[in-house]
Protein chains: 2
Amino acid sequence: MRPSSDTAQDPCPMVSFVQIISGKWAIPILYRLIVTANPIRFSELQRAVHPITQKELTKQLRLFEQRHLVTRRVYPEVPPRVEYQITPLGQSLKPTLDSLADWMRQHQHDLTTDD
Amino acid sequence: MRPSSDTAQDPCPMVSFVQIISGKWAIPILYRLIVTANPIRFSELQRAVHPITQKELTKQLRLFEQRHLVTRRVYPEVPPRVEYQITPLGQSLKPTLDSLADWMRQHQHDLTTDD
DNA sequence: CAGCATCCCGTACGATACTG
DNA sequence: CAGTATCGTACGGGATGCTG
């Protein structure tokens, strides 16, 4: 059954994961989109993710689009409006990222560097 | 019950997480230590985490030590031996990282960039 | 408003050589 | 074996200015 057998030989999925979420803002943006669930405008997203620049936000969103984690909808209106929404694939990461967020909340005190 | 209330205002735990796992090798190393559970020698760890250099491995291990995620044990022997082991705090990340690894295995096919 | 183009800097990371 | 030291490059990512 080829159980990837290891316990000591296959760190690869994690390497792939790092490919996807590398970058200072990747996880915060993605999690914001997951939590929001509904379409959200570019500027709104930027406000939500604190001091991120347009450049970085745009770059990450493009990457997420390529990965099919986010959809981009452009409304051909006079004041341009673009909305982003998490895909079902992206939403499927929610339990995992929730768990991650919980872990952080519970343990950020233990992670002190003051020794 | 104060369910962290937001749904739209607190991406902070994720920002903290990024601090901890930033770096190309952080997650792969940490996960390897978690899966291994037992003490593991420096050279063994380096072999397990594929083409990582000593420099980078050392740097990450030092950071994990500071964060109390890993312990370092030096044996004053003639051929120097140093063993690293995940701490209980580090182990408590296992379910989350397992979930992450599972998600990657299930979806790495969906994450194609070929569109 | 959304986002591309440009400039610029810090540092993450790799390769190599040296030490206890 | 398990590091430290040094060097050089590539890339991440911030700031600013310009366009449809």
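Every chain is numbered from 1, with letters handed out A, B, ... down the list of sequences.
Judged by the 6.0 Å distance and 45° axis criteria, A:Arg62 is not positioned over the aromatic ring of A:Phe64.
Looking at heavy atoms from C-beta onward, A:Ile20 lies in side-chain contact with A:Leu69 at the 4.5 angstrom threshold.
One finds a side-chain N or O of A:Arg62 lying less than 4.0 angstrom from the OP1 or OP2 phosphate oxygen of C:dC4. Residue B:Arg41 has a polar side-chain atom (N or O) positioned under 4.0 Å from OP1 or OP2 of D:dA2. Distances shorter than 4.0 Å separate none of the side-chain N or O atoms of B:Arg47 from OP1 or OP2 on D:dC1. Checking the phosphate oxygens (OP1, OP2) of C:dA2, a side-chain nitrogen or oxygen of A:Ser43 falls inside 4.0 Å.
Computed from coordinates, the B:Glu56 CD to D:dA2 C1' distance equals 16 Å when rounded to whole Å. Nucleotide C:dC13 holds its P atom 10 Å from the CG atom of B:Leu63, rounded to whole Å. A:Leu57 has its CG atom 11 Å from the P atom of C:dC4, to the nearest Å. Rounded to an integer number of Å, the gap from B:Gln54 CD to C:dC13 C1' is 14 Å. In this structure, CZ of A:Arg81 is placed 17 Å from C1' of C:dG3, rounded to the nearest angstrom. With rounding to whole Å, B:Lys24 atom NZ is found 14 Å from D:dA10 atom P. Across the protein-nucleic acid pair, B:Gln19 atom CD and D:dG13 atom P stand 11 Å apart, rounded to whole Å. Rounded to an integer number of Å, the gap from NZ of B:Lys59 to C1' of D:dA5 is 14 Å.
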Original post:
side chain to side chain contact (heavy atoms under 4.5 Å, CB included) between B:Thr36 and B:Gln85: does it pass, once the steps are laid out?
Top reply: CA-CA 8 Å; B:Thr36 302; B:Gln85 185 173 19; over 6 Å; no
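The 5' end of DNA chain C is approached more closely, in terms of each residue's nearest nucleotide, by A:Tyr84 than by the other of A:Lys55 and A:Tyr84. Ranked by how close their nearest DNA chain D nucleotide is to the 5' end, A:Ile52 and B:Leu61 are led by B:Leu61.
A salt bridge links B:Glu56 to B:Lys59: one of the charged nitrogens lies within less than 4.0 Å of a carboxylate oxygen.
The structure places OG1 of A:Thr71 at 11.5 Å from CG of A:Leu89, a figure rounded to the nearest 0.5 Å.
Residue B:Thr53 has its side chain nearest to C:dG14 when only D:dC1, C:dG14, C:dG3 are considered. Among C:dG14, D:dG12, D:dG3, the nucleotide with an atom closest to any side-chain atom of B:Phe42 is D:dG3. With D:dC1, D:dG13, C:dG3 as the candidates, the nucleotide lying closest to the side chain of B:Pro80 is D:dC1.
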